Amino acid sequence: MGLVPAPFSTATGTDIRVRFCPSPTGTPHVGLIRTALFNWAYARHTGGKLIFRIEDTDAERDSEVSYLQLIDAMRWLNLDWDEGVELGGPHAPYRQSQRTDIYLGVIQQLKAAGHLYESFATAEEIEARNVANGRDPKQGYDNFERDLTEVERGAYRAEGRQPALRLRVPDTDLGFDDLVRGEITFPAGSFSDFVVVRPNGAPLYTFVNPVDDALMGITHVLRGEDLLSSTPRQIALYTALIEIGVADFVPRFGHLPYVLGEGNKKLSKRDPESNLFHHRDRGFIPEGLVNYLSLLGWSRTHDRDVFSIVELVKAFDVVDVNPNPARFDVKKAESINGDHIRLLPVNEFARRLVPYLGGLIKDDADTLLLLKAAPLVQERMQLLGEAQALLSFLFTADDALEFDADALPGAEGAEVLDAALTVLPGVEWTTEAIEAALRAELIEARGIKPRLAFGPLRTAISGKRISPPLFESMELLGRESTLARLAKLRAAL
RNA sequence: GGCCCCAUCGUAUAGUGGCCUAGUACGCCGCCCUCUCACGGCGGUAACACGGGUUCGAAUCCCGUUGGGGUCACCA
């Protein structure tokens with residue numbers, strides 16, 4: 001059958017050039033970001049370059065808001081790039097909407113060399129033609145305009161029709177060695193000549209994507225599995241580009257597995273879990289999310305799945321990526337995030353908490369208090385968003401504190417509160433002294449079970465059934481507030 | 001439907017012919033620790049889709065079946 005002899009890239013080290021080239025539509029999807037991450041990690045691992053390009057050739061769907069969100073996402077996750085939007089580089093501009101002239105030039109060359117031909121048929125006509133010929137309408141275009149004569153083209157134009165441009169694809173098998181899947185061959189005839197330029201002259205993704213990859217010297221294309229079927233078409237285009245001198249080689253391809261949601265369906269854009277910022281809003285930290293995302297189709301070792309981004313870069317190789325689709329498991333993601341939260345230096349942890357505290361931190365005193373409280377909650381959280389429920393009592397006025405209904409004490413409440421109110425005024429105000437005094441009075445002297453003794457006190461000071469450790473919390477709150485809150489709950493019983 | 005991809009515990013994975021009576025992590029269950037919730041510790045549950053080959057030996061190689069997914073756009 002004979003493959004088209006395509007000279008694939010031989011880059012293996014610092015000459016590697018990968019790219020991230022999203023379309024700015026909608027909010028960043030976790031699958032898209034996983035693709036960005038793998039490209040980034042591969043560039044950093046090999047010492048190569050990451051190019052960040054924007055594919056905004058569809059004015060109908062593209063938006064500036066979406067573009068800004070992509071930048072935001074990359075920066076938030078600390079995925080930096082070497083050339084591209086916001087940064088420039090030798091192949092600028094990096095937004096396809098600004099590269100029209102470049103495409104026009106390539107189109108002219110390709111057309112002059114006979115690789116592109118004019119196609120006047122509409123979708124309806126193509127389908128009618130298939131039906132008439134007893135062909136499966138799903139078979140698509142049958143290349144029937146490949147050899148239209150000048151007279152025939154003139155006739156179409158006389159009707160006022162403008163032609164789309166199609167690439168003449170070679171009539172041979174087309175194959176490549178996929179970095180994650182191995183040898184893949186598409187038999188000749190698996191696909192037909194495809195449109196690369198609209199009748200209005202606007203080039204399509206199928207054209208601009210490989211053309212830019214060629215122009216920008218991309219050596220490795222790591223992208224979603226959904227693009228696997230279009231790879232032979234792109235190789236066909238590459239072959240033509242090489243012939244006219246626009247490209248020197250065909251990149252290596254690596255098709256990354258899908259990121260699935262619940263069940264067996266692709267994580268849809270409508271699903272909140274697919275939205276990167278949804279996870280940020282809930283309190284994922286970049287370290288945790290990057291770690292988890294890297295585990296979707298890849299693993300570092302057989303026995304450790306919590307690691308730093310440095311360790312990721314050191315170990316990452318695209319050939320180790322697993323070809324089967326992965327499900328996004330929120331529970332696992334949260335667990336890993338919790339591990340990374342615990343890995344943060346406590347000052348850093350406190351600093352990152354601030355945006356999740358709903359404006360609770362208003363001055364230096366609040367900041368100081370937060371710093372003292374941070375160690376109490378750092379190991380009890382998986383998401384930064386959990387902080388507010390745990391810590392808000394420290395930043396609430398005594399008379400404004402509300403007691404949750406499910407936290408209200410039972411029969412022993414009054415005795416416990418009265419006893420605490422009696423002992424606490426006289427103790428030294430440290431965690432140790434408070435605990436010693438309360439244990440002596442409630443547990444030892446009165447024989448109350450710890451659980452029952454401390455529950456009402458917890459409710460009194462925090463208003464909740466669940467809180468940071470009790471005695472530490474009292475110390476942070478101060479004697480005055482503590483006593484006021486105990487009295488308030490006592491009065492409410 | 002044509003073509004292509006995929007197939008290990010519920011989930012993510014380790015495994016590249018013998019180290020596998022299949023390892024790890026999350027989840028789940030139990031116990032310990034314990035002022036709540038967590039963290040931590042200990043133990044448990046649970047998988048090679050099926051059928052043929054090849055081989056002294058297969059989760060690992062080959063073929064087929066089944067199942068899932070993608071793609072066949074003048075979207076990207």
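Convention: sequence-line order gives letters A, B, ...; per-chain numbering from 1. Worth saying up front: this structure is predicted, and the values here are computed from it rather than measured.
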*Asks:* So what does A/Ser230 hit on the nucleic acid, given a heavy-atom distance under 4.0 Å: a base, only sugar-phosphate, or nothing?
*Replies:*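 If one applies the 4.0 Å heavy-atom cut-off, A/Ser230 turns out to touch nothing in the nucleic acid.
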
*Asks:* Using the C1' atom on both, measure B/G51 against B/A7 and round to a whole Å.
*Replies:*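 Rounded to whole Å, the distance is 15 Å.
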
*Asks:* Any salt bridge linking A/Glu145 with A/Arg161? Criterion: basic side-chain nitrogen under 4.0 Å from a carboxylate oxygen.
*Replies:*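 Answer for the salt bridge query: no.
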
*Asks:* Counting the atoms with a prime plus P, OP1 and OP2 as sugar-phosphate, which does A/Tyr258 contact under 4.0 Å by heavy atoms, base, sugar-phosphate, or nothing?
*Replies:*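 Counting heavy atoms under 4.0 Å across all strands, the contact made by A/Tyr258 is with sugar-phosphate only.
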
*Asks:* Mark yes or no for a side-chain to base donor-acceptor pair under 3.5 Å between A/Arg380 and B/C37, with no hydrogen or angle criteria applied.
*Replies:*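 By the distance-only test, yes, there is a pair.
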
*Asks:* For nucleotides B/C26 and B/G44, find the distance between their P atoms and express it as a whole number of Å.
*Replies:*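 Result for the P pair: 15 Å, nearest Å.
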
*Asks:* Between the side chains of A/Asp305 and A/Lys332, is the shortest nitrogen-to-carboxylate-oxygen separation below 4.0 Å, so that they form an ion pair?
*Replies:*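 A salt bridge links A/Lys332 with A/Asp305.
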
*Asks:* Can you measure A/Gln234 atom CD to B/U71 atom P for me and round it to whole angstrom units?
*Replies:*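 A/Gln234 atom CD is separated from B/U71 atom P by 14 Å.
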
*Asks:* When the P atoms of B/G64 and B/U45 are considered, how many whole Å apart are they?
*Replies:*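 One P to the other, the span is 38 Å.
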
*Asks:* Between B/A46 and B/U11, how many Å separate the two P atoms, rounded to a whole number?
*Replies:*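 One P to the other, the span is 15 Å.
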
*Asks:* Hey, do the aromatic rings of A/His279 and A/Tyr292 have their centres closer than 6.0 Å?
*Replies:*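 That pair fails the under 6.0 Å test.
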
*Asks:* Send over the distance from A/Arg233 CZ to B/A76 P, rounded to a whole Å.
*Replies:*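 Answer to the nearest Å: 14 Å.
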
*Asks:* Taking only Lys NZ, Arg NE, NH1 and NH2, and the carboxylate oxygens of Asp or Glu, determine whether A/Arg352 and A/Glu287 approach each other closer than 4.0 Å.
*Replies:*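 Counted as a salt bridge, because a side-chain N and a carboxylate O are separated by less than 4.0 Å.
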
*Asks:* B/G41 and B/G27: how far apart are their P atoms, nearest whole angstrom?
*Replies:*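 About 13 Å, rounded to a whole number of Å.
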
*Asks:* What is the distance, to the nearest angstrom, from the CZ atom on A/Phe207 to the C1' atom on B/A73?
*Replies:*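 Rounded to whole Å, this separation is 18 Å.
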
*Asks:* Taking only the P atom of each, what is the distance from B/A25 to B/A59 in whole angstrom?
*Replies:*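 It works out to 24 Å between them.
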
*Asks:* Can you tell me how far C1' in B/A12 sits from the matching atom in B/G2, rounded to whole Å?
*Replies:*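 The same atom, C1', in both gives a distance of 34 Å.
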
*Asks:* Is it the case that A/Arg95 places NZ or CZ above or below the six-membered ring of A/Tyr67, under 6.0 angstrom from the centre and within 45 degrees of the axis?
*Replies:*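 Geometry flag: set, cation within 6.0 Å and 45°.
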
*Asks:* Is the distance between the ring centroids of A/Phe8 and A/Phe253 less than 6.0 Å?
*Replies:*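 Not under 6.0 Å, so no.
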
*Asks:* Separation of A/Leu296 atom CG from B/U13 atom P, in whole Å?
*Replies:*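 Computing the A/Leu296:CG to B/U13:P distance gives 7 Å.
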
*Asks:* Which comes earlier along RNA chain B counting from the 5' end, the contact point of A/Tyr205 or that of A/Arg451, where each point is its nearest nucleotide?
*Replies:*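 Whichever sits nearer the 5' end wins; that is A/Arg451.
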
*Asks:* Please report, rounded to the nearest Å, how far the P atom of B/G10 is from the CG atom of A/Asp329.
*Replies:*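 About 14 Å, once rounded to whole Å.
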
*Asks:* P atom, B/U60 versus B/U54: distance in rounded Å?
*Replies:*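 Here B/U60 and B/U54 have their P atoms 15 Å from each other.
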
*Asks:* Rounding to a whole Å, what distance do you find between A/Leu267:CG and B/G69:P?
*Replies:*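 These atoms are roughly 15 Å apart.
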
*Asks:* Measure from CD1 on A/Ile336 to P on B/G27 and round the result to the nearest Å.
*Replies:*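 Taking CD1 of A/Ile336 and P of B/G27, I get 10 Å after rounding.
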
*Asks:* Enumerate all atom pairs, one protein N or O and one N or O from nucleotides 3-6 of chain B, separated by less than 3.5 Å.
*Replies:*
| residue | atom | partner | partner atom | Å |
| --- | --- | --- | --- | --- |
| B/C5 | O2' | A/Arg181 | NH1 | 2.4 |

*Asks:* At under 4.0 Å, does any side-chain N or O of A/Arg198 touch on OP1 or OP2 of B/C75?
*Replies:*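 For A/Arg198, the contact criterion (side-chain N or O under 4.0 Å from OP1 or OP2 of B/C75) is met.
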
*Asks:* Can you tell me the distance, in whole Å, between the CG atom of A/Asp406 and the C1' atom of B/U36?
*Replies:*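 After rounding, the reported distance stands at 12 Å.
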
*Asks:* Tell me whether A/Arg439 is salt-bridged to A/Glu444, with the criterion being a basic N under 4.0 Å from an acidic carboxylate O.
*Replies:*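 So A/Arg439 does not pair with A/Glu444 through a salt bridge.
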
